[in-house]
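Atom set for the values below is all heavy atoms of this structure, side chains included, hydrogens, waters and symmetry mates excluded.
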Protein chains: 2
Amino acid sequence: MNNVQEESLRDQKKFRRRLQILEIARSIIATKGLRSLKVRDIAEAAGCSVGSVYNEFGDFDGVILTVNRETVQALTVRLGGVPADDPVRQLYGLAETYLEFFAEHANLLRSLFEHRMEDDRPYPDDILQMVMDAFALMHPPLVRLLPDADDVRIALLSRTLFSAVHGIISLGLEERMVAVPPQMLRQQVEQFLDAHLAGLGIVPAGAPSS
Amino acid sequence: MNNVQEESLRDQKKFRRRLQILEIARSIIATKGLRSLKVRDIAEAAGCSVGSVYNEFGDFDGVILTVNRETVQALTVRLGGVPADDPVRQLYGLAETYLEFFAEHANLLRSLFEHRMEDDRPYPDDILQMVMDAFALMHPPLVRLLPDADDVRIALLSRTLFSAVHGIISLGLEERMVAVPPQMLRQQVEQFLDAHLAGLGIVPAGAPSS
DNA sequence: GCTTGAAAATGAACAATGTTCAAGAAGAAT
DNA sequence: ATTCTTCTTGAACATTGTTCATTTTCAAGC
């Protein structure tokens with residue numbers, strides 16, 4: 001029950017190792033991609049046995065899912081840092097920040113969106129919920145911009161916008177598919193928002209409507 | 001040199017088996033996902049040895065890539081069947097057809113977009129080219145709708161639209177992520193196009209602009 | 001400090017799966 | 001019929017996820 005004061009030496013080591021394993025796994029995924037992640041590599045880099053990895057995370061998916069979980073958290077933090085002064089600017093800021101984050105951690109994001117579980121075990125609900133929370137960050141600015149829209153419409157719209165921007169960015173950063181230069185991709189996202197917001201009847205605050 | 005008339009018995013068997021292997025592989029990917037594709041399962045279902053699979057396709061990626069290649073081809077055929085009478089209707093038709101195709105062959109499309117090569121061997125150029133050809137189908141209607149836009153802008157726009165629609169559909173069909181009901185997804189794609197085309201200054205032909 | 005019991009760590013062994021290759025079989029060429 | 005080429009085979013190998021009996025480590029009680 002009391003879980004703070006008594007940090008046994010054993011628990012400390014366990015916790016330290018847990019963090020170390022996650023850091024190593026994340027580093028491998030980030031630099032060489034999810035496919036290159038091997039239990040033995042993790043164990044060797046962490047200076048422990050493969051059994052310890054299993055003892056801590058249950059199975060291999062457990063390691064991956066924990067890394068993915070932390071990726072969404074980091075993303076949410078970054079997106080949460082976008083200024084909420086002007087709703088239009090906020091929407092642009094969210095898209096731009098998502099692009100930055102994706103460009104910096106492309107392989108981690110791919111791990112989050114593309115990893116399939118063994119057999120057909122369900123993807124953990126909490127990660128799903130986290131992703132939804134992340135793109136729920138668009139709700140407030142959208143509500144301010146479309147005061148007459150009901151909640152369902154706002155939710156649908158934010159999902160649409162998120163998915164669309166995600167598509168543009170993820171395919172744009174896919175070297176093999178299209179290979180858009182990063183600076184151009186940024187412009188592409190901006191122009192996309194320009195057109196789409198205009199189509200929704202939203203005009204940028206700072207700019208004249210000509 | 002002469003490659004048509006002399007169809008040796010050997011070549012016939014080889015070709016038949018090749019088709020059979022591909023059909024089996026495609027069927028497994030389509031029903032159980034790429035992760036469930038195993039060489040031994042293919043060999044057993046095709047009534048041959050694993051060596052024969054390797055002999056025909058080089059390695060495992062070879063099988064997957066060939067299936068992916070045929071998936072893009074099938075997609076291109078389907079998209080090519082969209083009527084080109086009215087450019088606006090054509091754009092809606094392309095999106096709708098993409099949605100249909102994706103819904104019917106979700107796992108095949110995921111295999112196409114998510115499969116990563118072993119190590120970091122490059123993804124085959126021809127598949128890349130085929131995908132680009134597929135979404136180049138949007139060029140003609142866009143040119144008709146935006147006669148003043150230059151080629152670069154058209155290309156950029158078609159890429160953006162394709163990526164956005166792809167994002168909406170692929171995330172929308174991802175049970176684990178959002179789980180949008182198919183009929184609602186269709187409406188979502190339509191509304192997306194409504195807004196975006198309006199933002200580009202394009203008004204539907206059949207409908208009054210009110 | 002020693003004993004004891006619980007928790008964790010170990011790593012060898014196992015299982016699943018991609019890959020290779022020497023030997024054999026099958027078809028084509030002469 | 002013989003030879004030659006090509007394909008096929010499947011056992012063996014390599015890689016990698018997973019398990020588990022054994023050992024080690026640590027905390028608690030005396």
Report yes if a side-chain nitrogen or oxygen of [X] is closer than 4.0 Å to either non-bridging phosphate oxygen (OP1 or OP2) of [N]; otherwise report no.
{"X": "N55(B)", "N": "dT8(D)", "result": "yes"}
{"X": "S49(A)", "N": "dG11(C)", "result": "no"}
{"X": "K13(B)", "N": "dT8(D)", "result": "no"}
{"X": "S52(A)", "N": "dT10(C)", "result": "yes"}

Atom-to-atom span, [atom1] of [X] to [atom2] of [N] - whole angstrom:
{"X": "L65(B)", "N": "dG18(C)", "atom1": "CG", "atom2": "C1'", "answer": "15 Å"}
{"X": "E118(A)", "N": "dG17(D)", "atom1": "CD", "atom2": "C1'", "answer": "9 Å"}
{"X": "I64(B)", "N": "dT19(C)", "atom1": "CD1", "atom2": "C1'", "answer": "14 Å"}
{"X": "R16(A)", "N": "dA9(C)", "atom1": "CZ", "atom2": "P", "answer": "13 Å"}
{"X": "K14(A)", "N": "dA8(C)", "atom1": "NZ", "atom2": "C1'", "answer": "7 Å"}
{"X": "F60(A)", "N": "dG17(D)", "atom1": "CZ", "atom2": "P", "answer": "5 Å"}
{"X": "F15(B)", "N": "dG27(C)", "atom1": "CZ", "atom2": "P", "answer": "19 Å"}
{"X": "E44(B)", "N": "dT8(D)", "atom1": "CD", "atom2": "C1'", "answer": "17 Å"}

Check your understanding: In terms of ring plane angle, is the pair H166(A) and F162(A) parallel, tilted or perpendicular, where the classes change at 30° and 60°?
Key -> parallel
Practice item. Please work out whether the ring planes of Y98(B) and F102(B) are parallel, tilted or perpendicular, with thresholds of 30° and 60°. Key: perpendicular
Check your understanding: Between L37(A) and E56(B), who's closer to the 5' end of DNA chain D by nearest nucleotide?
Key -> E56(B)
Scan [X] against the nucleic acid and name what it touches under 4.0 Å (heavy atoms): base, sugar-phosphate only, or nothing.
{"X": "I42(A)", "result": "nothing"}
{"X": "Y54(B)", "result": "base"}
{"X": "R17(B)", "result": "sugar-phosphate"}

Review point. What's the closest nucleotide to the V50(B) side chain, out of dG17(D), dT20(C), dG11(C)?
Key: dT20(C)
Check your understanding: dG17(D), dT9(D), dG18(C): which one has an atom nearest the side-chain heavy atoms of R40(B)?
Key -> dG18(C)
Practice item. Take L193(A) and E190(A), measure what side chain to side chain contact (heavy atoms under 4.5 Å, CB included) needs, and give me the verdict at the end. Key: CA-CA 5 Å; L193(A) 276 183; E190(A) 263 177 34; 5.9 Å; no
Check your understanding: What's the verdict on salt bridge (Lys or Arg N to Asp or Glu O under 4.0 Å) for D59(A) and R121(A), showing C-alpha distance, side-chain angles and the deciding distance?
Key -> CA-CA 13 Å; D59(A) 61 359; R121(A) 280 184 301 181; 3.3 Å; yes
Check your understanding: Any ion pair linking E114(A) and R110(B) (charged N to carboxylate O, less than 4.0 Å)?
Key -> no
